[in-house]
Protein chains: 2
Amino acid sequence: MTNPATIAGLTSEATTEPATLGEAAYQRLRADIVAGGLEAGKPLRLEALRQRYGLSFSPLREALMRLQSERLVVSAALRGFAVAPLSREEIKDATETRILIECEALRRSMRDGDDDWEAGIVATFHALGRQVDRMAATAGKADVAEVLVMEERHHQFHRALISACGSPRLLELADQLSIETQRYRLPSLTGRNIGAPPRDVSAEHREIMDAALRRSGDATTLLAEHYRRTSASIQAAMA
Amino acid sequence: MTNPATIAGLTSEATTEPATLGEAAYQRLRADIVAGGLEAGKPLRLEALRQRYGLSFSPLREALMRLQSERLVVSAALRGFAVAPLSREEIKDATETRILIECEALRRSMRDGDDDWEAGIVATFHALGRQVDRMAATAGKADVAEVLVMEERHHQFHRALISACGSPRLLELADQLSIETQRYRLPSLTGRNIGAPPRDVSAEHREIMDAALRRSGDATTLLAEHYRRTSASIQAAMA
DNA sequence: ATTTCCATGATTTTCGAAAATATTCTATTG
DNA sequence: CAATAGAATATTTTCGAAAATCATGGAAAT
């Protein structure tokens, strides 16, 4: 059965209580890795995790195996686990793979999407805009909780675009790649982001939305450029 | 130590000795699911698995978590695991996703592939042909071990085609989708395959190879057709 | 000075029992 | 007879100790 948290969203705020400790460990570990609470490259000692989360080895190991499949954790046999390192190569590969997956899913959604699909795009675009406005009002303070809410809205918008593709695999892959790339985005969003190019992300979103609703082939091009711009700025910051 | 290499010509990693029991459980479970030794849809009771493989719960659960990420196993919280069911929808989605992934990887490989890439294609094509000839000689007997060897060679050929793509993600996804679709192919290969359309698979492989070595855009079209033909025949047999 | 070997401590991996939860069966009620 | 509640059973999930393995450091040998 697919994990509802994977589909539902990114953040640790579980709308539903996890049924097992293994599931809880998975969600908390993933949230901490993505948000940087567990530093990239750092070894994940089981004894330390046991104390940190108040769990036993079994559910922790289960969660770590899952996270390893999602490339958030690496491991060597008998040598334990570590938070997957960040690298320019990885963000590049993740971004290009994401573009491949999401552009195909967007093409199919534009072909098959109905009124509900369109409504979902408009609704999530609006919600994202509201959140961006709210954060602009309290400018200066890069509150990490607020940033996480915005990232969740951002994810919901992009997911709405491809939600009518009809392929569970493409949607799951898109979710996984979204999580992976979020690891790279978050530091630059919470940090004070000096030297970032002046970029109107909201305008990019609006263009993508408009093209998608027009069922125009431009939508995939705009989507790819949107992701490549973000990736390039991250890579530049990783000098 | 029990060597699964006799049963599993399935993957390259199956030939190397697993370092942990969890890894061994993963390999043996996967081989048994793909080969049909564990029936699709059937519940995987831990007590039964413990006896069958002579392992404790921990490594078994670890392996099952990994297999769940690869869509070979499904589970519901507190209700245990089951072999992932087979369905027309799944083989369709898996095939189309595989085409998306491998065609992109083939395009990149044709763009960047060097002499070693070409040599790998020619070598694996030859090895596959030898195996097919060997099996044609002993026709009538659909030996499951021989079929597994052939599937392994088949996989190696297709992997050689895309091996120069430069993306670890695309290669890993292709491997996973290859395993998934193998579950669907094996029954029809071991069974006596009545009513199958007369199809020269070797000729298809040669055409794909030739086009790839010519760096012709036809290669991706031929590859897609190759996979779609197989998928269609499987779906037809699933009436 | 460098290497090799072994003891020591740290860490991962595995096990089987215990706890938690689901499922089945039976008895009872409406 | 159908439906329900509760006990009994089956199964999953979790725990902490034990076993296996790796990492570290120091002594002996070259």
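A note on names: the letters A, B, ... follow the listed sequences, proteins ahead of strands, and every chain is numbered from 1.
Between A:Arg228 and A:Glu96, the closest side-chain pair of non-hydrogen atoms falls below 4.5 Å. Under the 4.5 Å side-chain criterion, counting only non-hydrogen atoms from C-beta, B:Leu170 is in contact with B:Arg108.
Across the protein-nucleic acid pair, B:Phe57 atom CZ and D:dT11 atom P stand 11 Å apart, rounded to whole Å. The interatomic distance linking B:Glu23 (CD) with C:dT12 (C1') rounds to 15 Å, in whole Å. Taking atom CG of B:Leu46 as the reference point, atom P of C:dG16 lies 14 Å away to the nearest angstrom. Counting to the nearest Å, the P atom of D:dT13 and the CG atom of B:Leu49 are 12 Å from each other. Atom CG of A:Leu21 and atom C1' of D:dC15 are 10 Å apart (whole Å).
Comparing C:dT14, C:dG16, C:dT13 by their closest approach to the side chain of A:Phe81 singles out C:dT13. Comparing atom distances between the A:Leu78 side chain and each of D:dC15, C:dG16, D:dC22 picks out D:dC22 as nearest.
Counting non-hydrogen atoms under 4.0 angstrom, A:Leu64 reaches nothing in the nucleic acid. In this structure, B:Thr20 reaches the sugar-phosphate backbone alone: every heavy-atom distance under 4.0 Å involves primed, P, OP1 or OP2 atoms, never a base. Among the atoms of the strands shown, only primed sugar atoms or phosphate atoms (P, OP1, OP2) are found under 4.0 Å from some heavy atom of B:Leu44.
Annotation: cation-pi geometry not satisfied between B:Arg28 and B:Tyr53 (NZ/CZ under 6.0 angstrom from ring centroid, within 45° of ring axis).
The shortest distance between the side-chain N/O atoms of B:Arg79 and the OP1/OP2 oxygens of C:dT23 is below 4.0 Å. For B:Arg45, a side-chain nitrogen or oxygen approaches OP1 or OP2 of D:dT12 to under 4.0 Å.
With hydrogens and angles ignored, the 3.5 Å screen pairs a side-chain donor or acceptor of B:Arg183 with a backbone N or O of B:Ala84.
For A:Ala77 and A:Glu62, each mapped to the nucleotide of DNA chain D holding its nearest heavy atom, the one lying further toward the 5' end belongs to A:Glu62.
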